[in-house]
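Right, one structure below, let's go through it.
In what follows, chains carry the letters A, B, and so on, assigned in the order in which the sequence lines appear, proteins first and then strands, with residues in each chain numbered from 1.
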2 protein chains.
Amino acid sequence: MKIGELAKESGLSVHTLRYYEKQDLLLATARSESNYRLYDQQALGTARFIRRSREIGFSLEEVAVFLSIRADKPAHVCAEAKTLAENKIVDVEQKISELKQVLSALHKLSDACCGGNESAEHCSIIDALEQSDQEAS
Amino acid sequence: MKIGELAKESGLSVHTLRYYEKQDLLLATARSESNYRLYDQQALGTARFIRRSREIGFSLEEVAVFLSIRADKPAHVCAEAKTLAENKIVDVEQKISELKQVLSALHKLSDACCGGNESAEHCSIIDALEQSDQEAS
DNA sequence: CTTGACCCTAGAGTCTACTCTAAGGTTTAA
DNA sequence: TTAAACCTTAGAGTAGACTCTAGGGTCAAG
């Protein structure tokens, strides 16, 4: 299959597939006489594997680790994959908690503001951003 | 006050302050004979205003809108500020919900994996990433 | 034989918000 | 007077993951 079909089947763009090749994540199975990239079913599996890993939030660097485990499973142990997943969980939890703080600050801003067509002379949003220090805990 | 002191007082770096000037967010009040940027208390207020807005998660583009409201309050209405805050709330809620889905997918991966020093031959993380379609709802 | 849909490469551009560098000039304190 | 600690500019670099462009070749249908 050529790159266009692989793109369709995998849900990745042609550009992205070529980019992944440059990053050594997904090499073409072969080249046609006219130098077109050719892929087999295994390559399609890998493309989908990468897409799923990305959707779950892994970076390309992390995906590369998964791919190397996947490529030679007997040479690796479960702990390697699990560590990656656990670290990612910590990252994501951290991000969520940061965003929740941001959200609470935003709600405070928004709730205090009348939001009407009154002049912003005494807009509580602007005023709140003016305050010297406000900790939201 | 010179840029170094403004940096210290505002909690922004000298580089960042100059960057904000380039972005027309915070102009120097004046220049000394030797062409040093000079700032007054009002500029310090603006610097802090920007920092607080950024901490709450507004982009520089959004901060620019706040600054223009702040600069001429009578010419603006509360609705403008509130709209910005509400849109940001929607964005942040969206991001949080995406991250929660990611987190749940990660937990599924991680929980299924023994994580031990066994060969990754049957690692359930790698296997799960291999699956063709798994919707987490 | 031409049109359109493919494919190729190298390399540049995008996004946001900085962050840093090079190569200088100024001020201050000892 | 000299060294440290400031300040200036224009412009490049950083992160991550694409995304696109220019300028060209290839292939199948009508």
Side-chain angles (χ1 to χ4, degrees), chain A residues 1-39 43 46-47 49-67 84 87-88 91-92 95 98-99 102, chain B residues 1-39 43 46-47 49-67 84 87-88 91-92 95 98-99 102:
Chain A
M1 116 182 63
K2 284 182 289 181
I3 198 167
E5 200 185 337
L6 181 65
K8 212 174 290 176
E9 293 294 321
S10 66
L12 296 165
S13 80
V14 169
H15 283 303
T16 298
L17 289 168
R18 282 197 281 248
Y19 172 73
Y20 286 171
E21 181 175 288
K22 224 182 276 176
Q23 306 303 308
D24 269 330
L25 291 172
L26 175 58
L27 304 174
T29 310
R31 290 285 184 138
S32 75
E33 283 184 12
S34 49
N35 202 32
Y36 288 10
R37 289 173 181 82
L38 298 175
Y39 301 89
T46 304
F49 184 96
I50 296 174
R51 185 170 64 79
R52 250 165 269 127
S53 304
R54 293 282 302 123
E55 282 168 2
I56 291 179
F58 291 103
S59 67
L60 291 184
E61 202 177 338
E62 290 160 336
V63 173
V65 177
F66 281 134
L67 286 174
L84 232 49
N87 288 344
K88 184 57 66 176
D91 288 356
V92 173
K95 252 179 230 152
E98 282 168 15
L99 285 178
V102 162
Chain B
M1 118 181 63
K2 283 181 291 181
I3 199 168
E5 201 186 336
L6 181 66
K8 214 174 285 174
E9 293 295 320
S10 67
L12 297 165
S13 80
V14 168
H15 281 305
T16 298
L17 288 168
R18 282 197 280 249
Y19 173 72
Y20 285 172
E21 181 175 288
K22 223 182 277 177
Q23 305 303 308
D24 269 332
L25 291 172
L26 175 57
L27 303 175
T29 309
R31 289 286 183 139
S32 75
E33 283 184 12
S34 49
N35 202 31
Y36 286 11
R37 289 173 181 83
L38 299 176
Y39 301 90
T46 304
F49 184 96
I50 297 174
R51 185 170 63 79
R52 250 164 270 127
S53 305
R54 292 284 301 124
E55 282 168 3
I56 291 179
F58 291 103
S59 68
L60 291 185
E61 202 178 339
E62 290 159 336
V63 172
V65 177
F66 281 133
L67 285 175
L84 231 49
N87 287 345
K88 182 58 67 174
D91 287 358
V92 173
K95 253 179 227 151
E98 280 169 15
L99 284 179
V102 162

Got a sec, which residues hit ring-ring contact (aromatic ring centres under 6.0 Å, His included) with Y39(A), two or more places apart in sequence or on another chain?
none
Y19(B) pairs by side-chain contact (heavy atoms from CB on, under 4.5 Å) with which of L25(B), L12(B), V14(B), L60(B)?
L60(B)
Is R37(B) close enough to dT9(D) that one of its side-chain N or O atoms is under 4.0 Å from OP1 or OP2 there?
yes
In this structure, how many angstroms lie between the C1' atom of dC15(C) and the CD atom of E61(B), rounded?
12 Å
Round to a whole Å and report the spacing from CD of E33(B) to P of dT8(D).
15 Å
Identify whether any heavy atom of S59(A) sits under 4.0 Å from a base atom; if not, whether one sits that close to sugar-phosphate; answer base, sugar-phosphate or nothing.
sugar-phosphate
Among the nucleotides dT9(D), dG25(D), dT9(C), whichever has the atom closest to the side chain of Y36(A) is dG25(D)
For nucleotides 28-30 of chain C, tabulate all protein N/O to nucleotide N/O atom pairs closer than 3.5 Å, reporting atom names and distance.
none

Set of ring-ring contact (aromatic ring centres under 6.0 Å, His included) partners for F49(B), sequence neighbours left out:
none
R31(A) has an atom CZ; how far is it from atom C1' of dT26(D), in whole Å?
14 Å
Please round to 10 degrees the angle between the axis of the first five pairs and the axis of the last five pairs in the helix from dC1(C)-dG30(D) to dA30(C)-dT1(D).
20°
Candidate pair V63(B) and R54(B), rule side chain to side chain contact (heavy atoms under 4.5 Å, CB included), full reasoning
CA-CA 7 Å; V63(B) 172; R54(B) 292 284 301 124; 4.3 Å; yes
Without decimals, in angstroms, what is the distance between K95(A) NZ and dG16(D) P?
11 Å
Check the pair E55(B) / R52(B) against side chain to side chain contact (heavy atoms under 4.5 Å, CB included), numbers first and verdict last.
CA-CA 5 Å; E55(B) 282 168 3; R52(B) 250 164 270 127; 4.2 Å; yes
With sequence neighbours excluded, give me every salt bridge (charged side-chain N to carboxylate O under 4.0 Å, His left out) pair touching residues 6-17 of chain A.
E9(A)-R48(A)
Applying side-chain hydrogen bond (donor to acceptor under 3.5 Å, both in side chains), name anything that partners T16(B), two or more places apart in sequence or on another chain.
S13(B)
Under the side-chain hydrogen bond (donor to acceptor under 3.5 Å, both in side chains) test, which residues partner E98(B), sequence neighbours left out?
Q94(B)
With E5(B) via side-chain hydrogen bond (donor to acceptor under 3.5 Å, both in side chains) - residues at least two apart:
none
Give a yes/no on whether any side-chain N or O of R51(B) is located under 4.0 angstrom from OP1 or OP2 of dA17(C).
no
Contacts of V92(B) meeting side-chain contact (heavy atoms from CB on, under 4.5 Å) (sequence neighbours excluded), chain-then-number -> L99(A), V102(A), L103(A), L106(A), K88(B), I96(B)
Closest to the side chain of I3(A), out of dA17(C), dC8(C), dT8(D), is dC8(C)
What is the separation between atom CG on D24(A) and atom C1' on dA17(D), rounded to the nearest whole Å?
16 Å
State whether S34(A) places a side-chain N or O below 4.0 Å from either non-bridging phosphate oxygen (OP1 or OP2) of dC8(C).
no
Dump the pairs, protein N or O against N or O of nucleotides 18-21 of chain D, anything under 3.5 Å, distances to one decimal.
| from | atom 1 | to | atom 2 | distance (Å) |
| --- | --- | --- | --- | --- |
| dC18(D) | OP2 | Y20(A) | OH | 2.7 |
| dC18(D) | OP2 | R54(A) | NE | 3.1 |

Expressed in angstrom and rounded to an integer, what is the separation of L17(B) atom CG from dT19(C) atom P?
12 Å
Partners passing side-chain hydrogen bond (donor to acceptor under 3.5 Å, both in side chains) against R37(B) (at least two apart in sequence or in another chain):
E21(B)
